2 protein chains.
Amino acid sequence: MEKKLTLKTLAKELNVSVSTVSKSLSGSKEISTAMKEKVQKLAKQYNYTPHPIARSLKMRRTSNICVLIPNILANFFAEVLMGIEEEASKHGYNIITIITGESYEKEAKNIHLFLNGAVDGFIVSIAKETQETQKFDHFQKAIDVGYPMVMFDRVADEIHCDKIVIDDFNITYNTTKDLIDSGCRNIIFISTINKTSVGKLRIKGYTAAIKERKKELAAPVVLEMKNFQEYKVKLSGYLDENEVDAIISADELSAVYALNIVNSKGYKIPEEISIVGFTDGILPENSTPPLTTIDQKAVKIGKTSVNTLIKRLNSEESTSYTTQVIEAELVERQSTIISKGGIKTT
Amino acid sequence: MEKKLTLKTLAKELNVSVSTVSKSLSGSKEISTAMKEKVQKLAKQYNYTPHPIARSLKMRRTSNICVLIPNILANFFAEVLMGIEEEASKHGYNIITIITGESYEKEAKNIHLFLNGAVDGFIVSIAKETQETQKFDHFQKAIDVGYPMVMFDRVADEIHCDKIVIDDFNITYNTTKDLIDSGCRNIIFISTINKTSVGKLRIKGYTAAIKERKKELAAPVVLEMKNFQEYKVKLSGYLDENEVDAIISADELSAVYALNIVNSKGYKIPEEISIVGFTDGILPENSTPPLTTIDQKAVKIGKTSVNTLIKRLNSEESTSYTTQVIEAELVERQSTIISKGGIKTT
DNA sequence: GTGAAAGCGCTAACAT
DNA sequence: ATGTTAGCGCTTTCAC
């Protein structure tokens with residue numbers, strides 16, 4: 001390691017005190033313009049930047065944000081993370097990423113780990129296991145000891161904090177109506193995340209739309225799978241024994257798996273069975289046929305989360321918490337025949 | 001924020017000095033067993049953990065690792081990040097993730113940003129732009145000022161540091177030979193990353209295998225695309241005017257795009273055209289037909305990177321730099337008819 | 001306008 | 001065995 005460059009170095013070089021250098025660098029008006037220029041010139045020449053750790057200790061802020069994400073392989077979360085990283089970087093914040101792997105234990109352990117000053121706040125999407133077991137104490141603890149927290153997508157009503165979501169109920173409700181309008185009469189709902197906050201809302205939206213026109217339609221059917229191995233058995237079996245002409249999937253992979261199963265059983269998509277998935281990305285774009293999906297505006301969710309957290313960090317008084325709803329959008333491709341005017345096609 | 005819990009708090013409570021508490025907590029044998037137990041009990045009761053920033057300042061180490069990754073939407077990099085996060089977490093390190101977006105500027109800017117003590121070292125896979133322009137000064141600078149660095153996948157021969165790679169030449173060479181053995185005679189190579197270190201090696205491996213049996217085979221053809229829009233035009237055009245019975249793609253998306261184009265032109269896969277891609281994941285598993293790919297063992301690369309960096313951080317003497325080669329594996333699915341014994345099939 | 005000094009919370013060399 | 005002290009690099013109050 002090179003000899004370290006500190007305020008002291010600069011001070012010695014200029015024969016002034018450390019505090020003069022510090023103040024000059026921060027542009028304090030206590031200092032003469034001449035001195036400020038002299039100091040700043042030297043600092044630039046030496047390429048000086050303050051030691052962030054020392055600065056953090058003194059200032060009691062780290063410029064670090066802890067991001068807890070269930071699963072980085074999911075396109076949605078990866079895109080959110082991109083948005084978070086980009087926006088955080090723009091505002092001078094670093095992100096410390098924890099991939100919880102949907103595990104309560106890892107989530108709780110890490111929250112506690114960061115309750116001692118290593119980060120300024122949290123951005124989190126709750127692990128599936130946590131949402132199933134409804135154990136939210138770790139979040140409450142973080143908030144109680146004073147850490148700002150922003151939840152996105154998978155949020156908890158029980159926790160009082162800023163939240164960024166899409167209107168899961170309405171987008172699913174509307175999409176289901178679109179499918180009905182396009183002629184589908186036996187619409188089923190499948191996912192692996194029925195127990196999550198968003199999964200529940202999506203089920204409600206789907207069910208509401210079906211119930212509204214229940215005379216014409218088959219009753220709502222919600223299939224839940226624990227993992228994707230189950231699809232091959234359960235969905236396949238269901239299709240054998242029931243009339244189905246549309247499938248709504250509440251997560252990004254379920255739709256693709258459903259599509260493969262439907263394809264392999266020889267059904268024509270979308271003529272015989274329509275399929276809609278959640279989360280846009282490379283996968284639905286490149287399936288055969290390309291999948292109609294609900295674009296959750298992941299990047300925007302990420303950016304909004306960061307900005308909301310930063311605002312919270314910079315405001316002294318505690319204004320009341322907000323839940324911001326990001327507008328989602330149906331992206332129609334070839335797995336449906338909704339084909340209304342004005343809908344984006346890729 | 002609650003009243004802060006520091007060594008001082010504990011010291012006051014027990015009527016001992018701060019240093020006694022500190023030493024007790026670290027299990028120093030200078031301290032009597034009785035005192036150590038008393039202190040540790042109280043610390044546990046209060047759930048005390050040392051302030052990491054203060055500790056960092058004193059110890060001159062942060063337990064933070066900066067990870068620079070070109071693109072988090074690529075399955076390969078996402079998996080590497082998973083491996084990194086898991087292993088880092090296990091060893092008490094936090095990871096600060098920078099997504100360079102293949103941009104030299106963002107990469108260089110962030111490296112410089114972290115040269116002042118915010119992290120202990122770097123794990124990096126070089127941005128495409130950086131590899132094209134061959135500007136590596138920022139890496140050299142980081143190493144010069146004393147930061148350990150581990151490069152993975154996209155590495156630079158010009159930079160002297162620890163590296164984790166797969167044997168890109170040989171895996172591509174062997175795969176090309178497999179295709180030849182399976183009867184393919186007009187094998188072309190496509191990718192968007194021909195200018196990266198790994199892209200170059202893969203081209204070499206491909207070319208070497210073809211040249212070895214050039215009498216029977218069409219000459220090597222390497223197509224380069226800047227982006228995926230180009231595929232629709234260039235690859236489609238190429239297929240119209242040339243005999244092609246196998247496509248090797250050096251990146252994970254190219255193979256999927258190629259597959260879609262080949263499908264849409266009505267060629268039978270693999271009977272008329274075989275396709276092999278790089279990087280295993282959800283996408284190739286779920287294309288139609290499922291894609292044969294080269295599994296780059298991304299998670300293992302991530303874990304190995306972390307362990308290599310940590311070893312470097314903990315060793316005083318500077319042992320010579322190593323390049324570790326992780327064993328890649330061909331995963332055969334239905335886009336090829338290589339079908340040799342012993343190859344894993346999913 | 002500039003400098004001295006305190007202190008953020010911690011560790012460790014050096015007393016006692 | 002325990003305490004005192006110095007100091008990591010910085011900001012900021014207070015003195016001059």
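Just so it is clear: chains get the letters A, B, ... in the order the sequence lines come, proteins before strands, and each one is counted from 1. The shown structure was predicted, so the numbers you read here are calculated from the model rather than taken from an experiment.
Shown here are the side-chain contact (heavy atoms from CB on, under 4.5 Å) partners of A:H138, two or more places apart in sequence or in another chain: A:Y104, A:E107, A:A108, A:I111, A:H112, A:T130. Applying the side-chain contact (heavy atoms from CB on, under 4.5 Å) criterion to A:T133, with sequence neighbours excluded, gives A:K135. Residues satisfying the salt bridge (charged side-chain N to carboxylate O under 4.0 Å, His left out) test with A:K303, not counting sequence neighbours, are A:E86.
Contact check, B:S17 against D:dG3: a side-chain N or O comes under 4.0 Å of OP1 or OP2.
For the side chain to side chain contact (heavy atoms under 4.5 Å, CB included) with B:S103, the lone residue among B:E129, B:K128, B:K109 that qualifies is B:E129. Each of B:K90, B:E87, B:K311 was scored for a side chain to side chain contact (heavy atoms under 4.5 Å, CB included) with B:V306, with one residue passing: B:E87.
Between B:E85 and A:K106 there is a salt bridge, with a side-chain nitrogen of the basic residue lying less than 4.0 Å from a carboxylate oxygen of the acidic one. A:E79 and A:K300 are not joined by a salt bridge, as no carboxylate oxygen comes within less than 4.0 angstrom of a charged side-chain nitrogen. At a threshold of 4.0 Å, the pair A:E13-A:K38 does not count as salt-bridged, since none of the basic side-chain nitrogens sits closer than that to a carboxylate oxygen.
When the C1' atoms of four end pairs are superposed on the next four at each end of the helix from C:dG1-D:dC16 to C:dT16-D:dA1, using five pairs per end, the two resulting axes differ in direction by 60°, to 10°.
In this structure, the side chains of A:T304 and A:F152 stay at 4.5 Å or more apart for every pair of heavy atoms.
Distance, B:L14 CG to D:dA1 C1': 15 Å, rounded to whole Å.
Read 5' to 3', the first and last nucleotides of DNA chain C with an atom closer than 4.0 Å to a heavy atom of chain B are C:dG9 to C:dC14.
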Contact letters for nucleotides 9-15 of chain D, in which S counts primed atoms plus P, OP1 and OP2 and B counts the base, heavy atoms under 4.0 Å: BBBBBB-
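Separating the CD1 atom in B:I31 from the OG1 atom in B:T20 is a distance of 5.0 Å, to the nearest 0.5 Å.
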